[in-house]
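In what follows, every chain begins at residue 1, and chains take the letters A, B, ... in the order their sequences are listed.
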There are 2 protein chains.
Amino acid sequence: MYVVKVPAKKARSPRPTLTRESVLAAALVLADHHGLDALSMRKLGQALGVEAMSLYNHVANKDDVLDGMVDLVMGEIHVPVGRPWRDALRERSISAHDVLLAHPWAAALIESRLSPGPQRLAHHNALIGVLREADFPMDLAYRAFLTLDSYIYGFILQEVNWPFTRAERPDVVTAIEPMVTMEAHPHLIAMMSYVMDSSREELAAEGAGGAYRAEFEFGLDLILDGLAAALGARR
Amino acid sequence: MYVVKVPAKKARSPRPTLTRESVLAAALVLADHHGLDALSMRKLGQALGVEAMSLYNHVANKDDVLDGMVDLVMGEIHVPVGRPWRDALRERSISAHDVLLAHPWAAALIESRLSPGPQRLAHHNALIGVLREADFPMDLAYRAFLTLDSYIYGFILQEVNWPFTRAERPDVVTAIEPMVTMEAHPHLIAMMSYVMDSSREELAAEGAGGAYRAEFEFGLDLILDGLAAALGARR
DNA sequence: ACCTGAACACCGTTCAAGT
DNA sequence: ACCTGAACACCGTTCAAGT
């Protein structure tokens, strides 16, 4: 499985021959551009200039497509090796953040997939390797892994689904406003006005890593500090 | 909106009159028992002894149903007030964990919903209130909130989707096994054998809070420690 | 006021038939 | 070997018609 099919040399068809890889790549582009809801086998076929039924010659079914997309995304996340564990974890966490932000549909999908692909397995193996080579005992390595990944995926899900400026999603903001009252939700209002204040809108425009990058790094460093302390306590 | 409709006294129909509340309650039960994928307007109507189209007299559409279900779940999460911030946050985090574990479809759904309902607004207001009354500056309160909720939701998503014992999901475990090799994934294999070892299976049987409860509390306390340190540094 | 039959525009997937 | 038309069993939703 996962063998790359080489298109026959003499193929002179107007469009390239379908392969598992081209199907997955097209699915990823479609999801990036129009969201995961817009990804149907019929539309995917259409994007490839083919009927939906043809896809079943190259992928088992839609679940197989989703698994393949997840694995493509996992392959984009960088895990540095041969570096101090804290640096390595920090860099891979930020890489994961940026990759998952670039594919807003991916985080929710990854967490809902049961069978990991080769890229995901390799990623996890490398990650655990970083911890083990830094002499994390296995129970602590497991907890470190769970804590860090819980944070990363949870953060991305919030970031991707929660547009905090009125400019981004005026419809959402105006829908919420009438339900929030000063009497019932004073603290919520205080936080919303902090979050939506103008200096943050400038941040949002800066790009690279998104407007939440500083917030992400706050929690990330907090967790890395905690792991360092836990590791120190064991020695 | 959200007014409870009182069924007419003289109603003598074989089944109770439909209300928004009864529709949402039935949807929640259906999702708890058969998963979110099994929740369609047609099946929901069937569960209520009615055609799918009747539901539209009580809810706007399926999105409205999903929003209502999320809000019911949010209402189950307990936020203690008038207690030291650390105790209050710890208790509400564990409450959130247990509630979200009891409704395995909820975490993913909550994070994908754009418009919060009244219970969610009240919950967030109370949570921010705990932080503000403990003199967290607003920027730190916001980051504390983001860090904690990222962790909680991310953790639940992993816990809900990752069955770690062969007994629970033999099909998943056997599907993964042939892909993992000792040469390519030594660290992954080491961790999997740690995670799947028999002493953990006993833990799984203990119930209340699930088999991951200790792991959840590890990361939770790590984050609470970090927040306490960050708060102390500000004073 | 509430329920429903019929209809519309979608889904994923199978399978026999085509090339 | 790969593609497709027809078909099946599903979706969410609308709307005119019923009571």
Side-chain angles (χ1 to χ4, degrees), chain A residues 1 3-24 26-27 30-31 34-70 105 109 112-115, chain B residues 1 3-24 26-27 30-31 34-70 105 109 112-115:
Chain A
M1 64 187 80
V3 174
V4 178
K5 293 180 191 164
V6 179
K9 282 275 162 50
K10 57 183 170 182
R12 282 280 168 273
S13 55
R15 47 180 169 69
T17 309
L18 238 47
T19 62
R20 174 181 172 80
E21 282 68 35
S22 68
V23 169
L24 296 182
L30 216 160
H34 302 101
L36 201 58
D37 287 343
L39 178 65
S40 68
M41 295 301 273
R42 285 168 152 94
K43 282 182 194 155
L44 181 51
Q46 201 176 321
L48 289 158
V50 109
E51 298 299 319
M53 303 77 90
S54 307
L55 302 174
Y56 290 85
N57 287 307
H58 305 97
V59 293
N61 48 36
K62 191 174 180 183
D63 268 350
D64 190 24
V65 173
L66 297 177
D67 281 334
M69 292 167 70
V70 163
W105 47 269
L109 195 57
S112 72
R113 299 279 89 193
L114 282 176
S115 57
Chain B
M1 64 187 78
V3 173
V4 178
K5 292 183 194 164
V6 180
K9 281 274 162 53
K10 58 184 172 183
R12 283 277 169 276
S13 55
R15 47 179 167 71
T17 308
L18 237 49
T19 62
R20 174 181 172 83
E21 282 68 34
S22 67
V23 169
L24 296 182
L30 215 161
H34 302 100
L36 201 58
D37 288 344
L39 178 65
S40 68
M41 295 301 272
R42 284 167 153 94
K43 283 182 193 153
L44 181 52
Q46 201 176 322
L48 289 159
V50 111
E51 298 298 321
M53 301 77 90
S54 307
L55 302 174
Y56 291 84
N57 287 306
H58 304 95
V59 294
N61 48 37
K62 190 174 181 182
D63 269 349
D64 190 24
V65 173
L66 297 177
D67 281 334
M69 293 167 70
V70 163
W105 46 269
L109 195 56
S112 72
R113 300 278 89 193
L114 282 175
S115 57

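As rounded to whole Å, 14 Å separates atom C1' of dC11(C) from atom CG of D63(A). When the P atom of dC11(C) is taken as reference, atom CG of L55(A) falls 13 Å away, rounded to whole Å. Look at CD on Q46(A): it is 16 Å from P on dC3(D), rounded to the nearest Å. Straight-line distance from the CG atom of L39(B) to the C1' atom of dG12(D): 12 Å, rounded to whole Å. What separates CG of L48(B) from C1' of dC3(C) is a distance of 13 Å, to the nearest Å. Regarding N61(B), its CG atom lies at a distance of 17 Å from the P atom of dC11(D), rounded to whole Å. When the P atom of dC3(C) is taken as reference, atom CE of M41(B) falls 13 Å away, rounded to whole Å. With rounding to whole Å, R20(B) atom CZ is found 15 Å from dC2(C) atom P.
Here the CG-OG distance, from L66(A) to S115(A), works out to 10.5 Å after rounding to the nearest 0.5 Å. N61(A) contributes atom CG, which lies 11.5 Å from atom CG of L55(A) (distance to the nearest 0.5 angstrom). In this structure, OG in S112(B) is found 11.0 Å from CG in L36(A), a value given to the nearest 0.5 Å. L44(B) contributes atom CG, which lies 9.0 Å from atom NZ of K62(B) (distance to the nearest 0.5 angstrom). Between atom CG of residue L24(A) and atom CG of residue D64(A) there is a gap of 7.0 Å, rounded to the nearest 0.5 Å.
Taking R42(A) as the reference, nothing meets the salt bridge (Lys or Arg N to Asp or Glu O under 4.0 Å) condition, with sequence neighbours excluded. Residues passing the side chain to side chain contact (heavy atoms under 4.5 Å, CB included) test with S22(B) are L18(B), T19(B), sequence neighbours excluded. For E51(A), the side chain to side chain contact (heavy atoms under 4.5 Å, CB included) partners are M53(A), S54(A), not counting sequence neighbours.
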List, with names and distances, any nitrogen or oxygen atoms from the protein found under 3.5 Å away from nitrogen or oxygen atoms belonging to nucleotides 16-19 of chain C.
none

What's touching nucleotides 6-10 of chain C from the protein side, N or O pairs under 3.5 Å?
none

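Out of dC3(D), dT13(D), dC3(C), the shortest distance to the side chain of N57(B) is found at dC3(C). Taking every side-chain heavy atom of A52(B) into account, dT13(D) is the closest of dC3(D), dT13(D), dT13(C).
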Which string of ( ) [ ] | and . matches DNA chain C, if you list each base 5' to 3' and count Watson-Crick or G-U pairs only when both distances are under 3.5 Å? ||.|||||...|||||.||
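Shortest non-hydrogen contact noted between R20(B) and H58(B) is CB-O, 3.7 Å. Minimum interatomic distance between A52(A) and M41(A) (heavy atoms only, all atoms of both residues): CB-O, 3.6 Å. Listed here is the closest heavy atom pair of V70(A) and R113(A): CG2-CG, 3.7 Å.
The side chain of H58(A) places no N or O atom within less than 4.0 Å of a non-bridging phosphate oxygen (OP1 or OP2) of dA1(D).
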